[in-house]
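Single-structure report; data block below.
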Amino acid sequence: MKALEIKGLRKVYRGGFEALKGIDLSVEEGDFYALLGPNGAGKSTTIGIISSLVNKTAGTVSVFGYDLDTQLADLKRQIGLVPQEFNFNQFETVQQIVVNQAGYYGVPRQLAKERSEKYLKQLGLWDKRNEPARSLSGGMKRRLMIARALLHEPKLLILDEPTAGVDIELRRSMWDYLTKINEQGITIILTTHYLEEAEMLCRNIGIIDAGQIVEDTSIKRLLATL
Ligand code: ADP
Ligand code: ADP
């Protein structure tokens with residue numbers, strides 16, 4: 001089963017800038033996939049389109065067989081998104097932010113509470129559950145967004161530059177956590193501009209530059225050619 005299949009994806013932003021020039025990507029269920037590329041390559045645009053936050057200009061996207069154009073609600077249910085910027089209400093408590101996510105996915109309230117406890121504990125945030133999010137460190141906020149993204153137990157977790165601005169120790173613990181949940185079966189796609197991060201974590205890699213996929217291979221094969 002393919003977790004993600006993208007064909008001929010183009011994005012022309014208003015004003016005429018072509019951020020994606022017809023990309024093809026395919027990610028198998030269970031994979032840990034890195035989309036690697038320099039700033040401005042089109043990583044966030046790609047992720048934005050997959051998670052239906054950005055309109056595409058042309059091409060097709062499907063997630064676990066659900067088509068973005070015709071099966072959007074089903075597609076959305078498959079995806080947990082961890083965006084780059086902190087996009088939660090800083091005045092809500094940590095647990096509220098996670099539990100409130102239930103409303104978007106029809107997760108029953110009681111189940112949402114149980115899951116929020118499970119994920120906040122796993123991510124080391126349980127002690128902070130009654131604190132307003134604004135009191136958290138940057139690394140904690142990032143982990144909060146991971147807990148929130150997992151609440152509806154998506155099959156595909158997408159993270160946009162998850163360790164940007166995170167110190168090395170915390171980065172390691174995030175890497176460990178992502179590796180663990182991937183081993184438990186969740187497919188993960190992350191964007192990064194660090195080859196080391198892709199190397200540490202991922203099985204397969206797509207390299208994107210100026211809106212085009214320039215390489216799509218396994219990490220092993222990539223490292224063998226360097
Ligand atoms: P969409 O086609 O997804 O609706 P738009 O082209 O309407 O996206 O752009 C969304 C917003 O981002 C606009 O207000 C636009 O002005 C702004 N924007 C413009 N240039 C950039 C840029 N280089 N990086 C990020 N945002 C930009
Ligand atoms: P990355 O995530 O790889 O850094 P992005 O997908 O954010 O790249 O951006 C790809 C290109 O599209 C960049 O040149 C960026 O300036 C441009 N861009 C991004 N968002 C917008 C927007 N809303 N309007 C116009 N141009 C944009």
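Both ligands and their constituent atoms are indexed starting at 1 by order of listing.
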- Message: Out of G48, S44, G15, P38, who is nearest to atom 2 (O) of ligand 2 when you count heavy atoms only?
- Response: S44
- Set of residues satisfying side-chain hydrogen bond (donor to acceptor under 3.5 Å, both in side chains) with respect to E28, sequence neighbours excluded: K2
Using a 6.0 Å cut-off, check whether atom [atom1] of [X] has over 12 heavy atoms from anything other than its own residue.
X	atom1	answer
E169	CD	no
K128	NZ	no
Y104	OH	no

- Quick check: does F17 get an N/O under 3.5 Å from an N/O on ligand 2? no
- For T46 and ligand 2, does the shortest N/O to N/O distance drop below 3.5 Å? no
- G42 near ligand 2 by a heavy-atom separation under 4.0 Å: yes
Under 4.0 Å from a heavy atom of [X]: which atoms of ligand 2 are those, numbered in the order shown and with their elements?
X	result
K43	1 (P), 2 (O), 3 (O), 4 (O), 6 (O), 8 (O)
N39	4 (O)
A41	1 (P), 3 (O), 8 (O)

- Message: For a quick check under 3.5 Å, do Y13 and T45 share a side-chain donor-acceptor pair by atom type?
- Response: yes
- Report yes or no: is the cationic atom of R77 (NZ for Lys, CZ for Arg) under 6.0 Å from the centre of the six-membered ring of Y66, at an angle within 45° of the ring normal? no
